[in-house]
Amino acid sequence: MIRVRRNLESVAPILRALEAEELTGWQLTVRLRFAAPDMLREGEGRIYPILYRLEDMGLISARWVELATRRRVYRLTEMGRHLLRRETI
């Protein structure tokens, strides 16, 4: 349980950012530069494996949209919202 909680705390800034609106990976990166700069310490591309893992866990979902170019947009799922409220991470 402690390990799971620690892992959730490390991705909490992503979940919180997605709580209000759908965002692309780039938009998330821009927000995390200010909200959680340590998360991007090893490079901005590090966010994508985290997003894929959160999607596999069912905490976020993604869909392709046509903006200026084709982009993947992420949103918090009901399970992600529930976890965010329950754990208050």
Side-chain angles (χ1 to χ4, degrees):
M1 179 65 168
I2 292 172
R3 182 178 175 174
V4 170
R5 181 149 176 87
R6 188 174 302 139
N7 288 339
L8 291 173
E9 287 172 356
S10 70
V11 298
I14 293 173
L15 299 179
R16 285 191 194 109
L18 292 172
E19 191 172 21
E21 62 183 315
E22 293 182 332
L23 298 169
T24 65
W26 176 252
Q27 290 169 321
L28 274 166
T29 299
V30 170
R31 291 189 184 198
L32 291 173
R33 279 188 202 142
F34 300 102
D38 289 344
M39 182 175 277
L40 302 175
R41 178 181 36 197
E42 295 174 22
E44 293 176 350
R46 182 171 179 258
I47 192 169
Y48 294 99
I50 296 169
L51 292 173
Y52 299 146
R53 185 176 39 150
L54 292 174
E55 190 176 3
D56 286 344
M57 293 170 66
L59 300 177
I60 67 173
S61 64
R63 63 187 176 89
W64 289 100
V65 297
E66 291 291 332
L67 299 170
T69 60
R70 193 167 179 221
R71 306 283 171 125
R72 203 160 154 89
V73 177
Y74 300 90
R75 75 175 195 63
L76 196 62
T77 62
E78 283 305 313
M79 182 192 297
R81 282 185 206 292
H82 176 73
L83 184 69
L84 201 56
R85 282 191 301 263
R86 193 182 102 228
E87 294 294 329
T88 60
I89 55 177

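Just so it is clear, the structure is predicted and the values come from calculations on it, not from any experiment.
Atom OG1 in Thr29 sits 4.0 Å away from atom CD1 in Ile47 (nearest 0.5 Å). Ile50 CD1 to Leu32 CG: the interatomic distance, rounded to the nearest 0.5 Å, is 8.5 Å. Met79 CE to Ser61 OG: the interatomic distance, rounded to the nearest 0.5 Å, is 11.5 Å. Here OH of Tyr74 is found 6.5 Å from OH of Tyr48. Values are rounded to the nearest 0.5 Å.
Legend: residues meeting side chain to side chain donor-acceptor pair (under 3.5 Å) with Glu19, ordered by chain and number and at least two apart, are absent.
Across Thr77 and Ile60, no two heavy atoms sit closer than the pair CG2-C, 3.5 Å. The two residues Gly25 and Leu51 make their nearest non-hydrogen contact at CA-CD1, 4.3 Å.
The hydrophobic cluster around Val73 extends to Val65, Leu67, counting ILVMFWY residues whose side-chain heavy atoms fall within less than 4.5 Å of a member.
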Worksheet item: Should Arg63 and Glu22 be marked as a side chain to side chain contact (heavy atoms under 4.5 Å, CB included) after you check the CA-CA gap, both sets of side-chain angles, and the distance that decides it?
Response: CA-CA 10 Å; Arg63 63 187 176 89; Glu22 293 182 332; 2.7 Å; yes
Discussion item. Walk me through whether Leu54 and Leu18 qualify under side chain to side chain contact (heavy atoms under 4.5 Å, CB included).
Written reply: CA-CA 12 Å; Leu54 292 174; Leu18 292 172; over 6 Å; no
Item to complete: Go through Thr69 and Arg71 one step at a time and tell me if the side chain to side chain donor-acceptor pair (under 3.5 Å) criterion holds.
Response: CA-CA 6 Å; Thr69 60; Arg71 306 283 171 125; 2.8 Å; yes
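Salt bridge status for Glu55 with Arg75: absent, with no side-chain N to carboxylate O gap under 4.0 Å.
Put simply, the residue from Leu23, Thr24, Leu28 that forms a side-chain contact (heavy atoms from CB on, under 4.5 Å) with Trp26 is Thr24.
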